[in-house]
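Both backbone and side-chain heavy atoms feed into the values below; hydrogens, waters and symmetry mates do not. If you read the sequence from its start, that first residue is 1, and numbering goes on from there.
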Amino acid sequence: FFSSRRRHTRLQGDWSSDVCSSDLPDVEWIEIKNCSKRILSLAGWQIADYGGRSKPLKKNLLYPDSSIILTAGNFEKQMQNFGRCLGVEDFPSLNNDSEELKLLNQNGQQIHFVGYEKSWYKNDIKSEGGWALEMIDTKNPCGGFNNWAASTSESGGTPGKTNSDRKSTRLNSSHLVISYAVFCLK
């Protein structure tokens, strides 16, 4: 199996803190996507935030152009209805006001990082809770504020599915490139 390098695996463009919609369980999750062309072993990987690191992930394979939902171990069964899911022991609490999330490989090397703030929702009502924060252009993972927004899905988020407001945020030399269903780090 391939050991991922930076930019090959990303925190998916969809995560949620305190989701309270009728269609989604009231749990926190993040998604990661394999943007490489190789199968990745997630064994030993960790999610880190201000408060520390999760326990190492269980043995699991992430195939090219696929994603997986990560959530606290006791919520794994609830999130399996939405797609591939892996329960994580000591899953970090996702702070509503701001957070710095890191995806670390089995050697502790940072694979992806995102630091978000409440203002990234760009919607005062949705920023109060119950809505996932989604990456708009998953091919521009370092786009910061301009590349994130509250989910436009009626369910409050899109775990295991294409992000609700995906599009390209970068200009090509001759035209705007519209991205397709690709997730990159939430």
Side-chain angles (χ1 to χ4, degrees), residues 9-35 42 47 49 60 62-88 91-101 103 112-170 176-186:
T9 308
R10 300 184 186 137
L11 288 170
Q12 188 82 333
D14 186 32
W15 60 79
S16 180
S17 174
D18 302 319
V19 170
C20 302
S21 74
S22 59
D23 296 335
L24 296 174
D26 187 13
V27 303
E28 296 180 333
W29 79 86
I30 63 172
E31 289 183 76
I32 59 172
K33 179 177 178 73
N34 180 357
C35 299
L42 298 179
I47 302 297
D49 72 351
N60 207 299
L62 190 56
Y63 292 89
D65 199 35
S66 69
S67 62
I68 190 167
I69 301 164
L70 303 178
T71 190
N74 53 324
F75 297 126
E76 182 176 6
K77 289 187 191 253
Q78 292 178 40
M79 292 304 293
Q80 285 177 343
N81 295 330
F82 301 98
R84 276 188 69 214
C85 184
L86 182 61
V88 178
F91 185 80
S93 176
L94 303 177
N95 300 317
N96 290 340
D97 291 333
S98 67
E99 183 70 271
E100 289 185 359
L101 292 173
L103 178 63
H112 193 80
F113 166 87
V114 65
Y116 67 87
E117 296 181 13
K118 191 174 185 176
S119 63
W120 287 22
Y121 279 90
K122 300 175 188 77
N123 181 304
D124 291 338
I125 294 169
K126 291 181 179 182
S127 70
E128 292 305 313
W131 296 87
L133 187 60
E134 297 181 345
M135 185 182 283
I136 296 167
D137 180 359
T138 56
K139 293 185 177 185
N140 184 20
C142 299
F145 172 84
N146 293 322
N147 197 30
W148 293 84
S151 177
T152 59
S153 169
E154 290 180 11
S155 66
T158 56
K161 297 179 184 171
T162 302
N163 289 351
S164 61
D165 192 24
R166 72 183 193 288
K167 59 188 165 203
S168 178
T169 58
R170 297 177 293 172
L176 185 65
V177 177
I178 305 299
S179 67
Y180 54 96
V182 177
F183 291 109
C184 295
L185 198 219
K186 160 192 168 212

Between OG on residue S67 and CG on residue L62, distance to nearest 0.5 Å: 7.5 Å

Side chain to side chain donor-acceptor pair (under 3.5 Å): pairs with one or both residues in residues 70-85, sequence neighbours excluded: N60-R84

Side-chain donor or acceptor of E134 paired with backbone N/O of G157 under 3.5 Å: no

Minimal non-hydrogen separation, I69 against G160, with atom names: CD1-N, 3.7 Å

Closest non-hydrogen atom pair, T158 against S153: CG2-CB, 3.8 Å

Contact check, side chains of P25 and F82, non-hydrogen atoms, under 4.5 Å: yes

Side-chain heavy atoms of K33 within contact of D65, under 4.5 Å: yes

Heavy-atom pair of closest approach, residues P159 and E31: CA-OE2, 3.4 Å

Minimal non-hydrogen separation, S93 against E99, with atom names: O-OE2, 2.9 Å

Minimum side-chain heavy-atom gap L94-Y116 below 4.5 Å: yes

pair K122-F145: side-chain heavy atoms closer than 4.5 Å: yes

Beyond-backbone contact of I32 with L42, side-chain heavy atoms, under 4.5 angstrom: yes

Atom of K118, atom of S127 and distance for their closest heavy-atom approach: CE-O, 3.3 Å

From I47 atom CD1 to H112 atom NE2, the distance as rounded to the nearest 0.5 Å: 10.5 Å

Sub-4.5 Å side-chain heavy-atom contact between N123 and W131: no

Which atom of F91 lies closest to which atom of E28, heavy atoms considered: CE2-O, 3.9 Å

Flag, side chain of D49 to backbone of P92, donor-acceptor distance under 3.5 Å: no

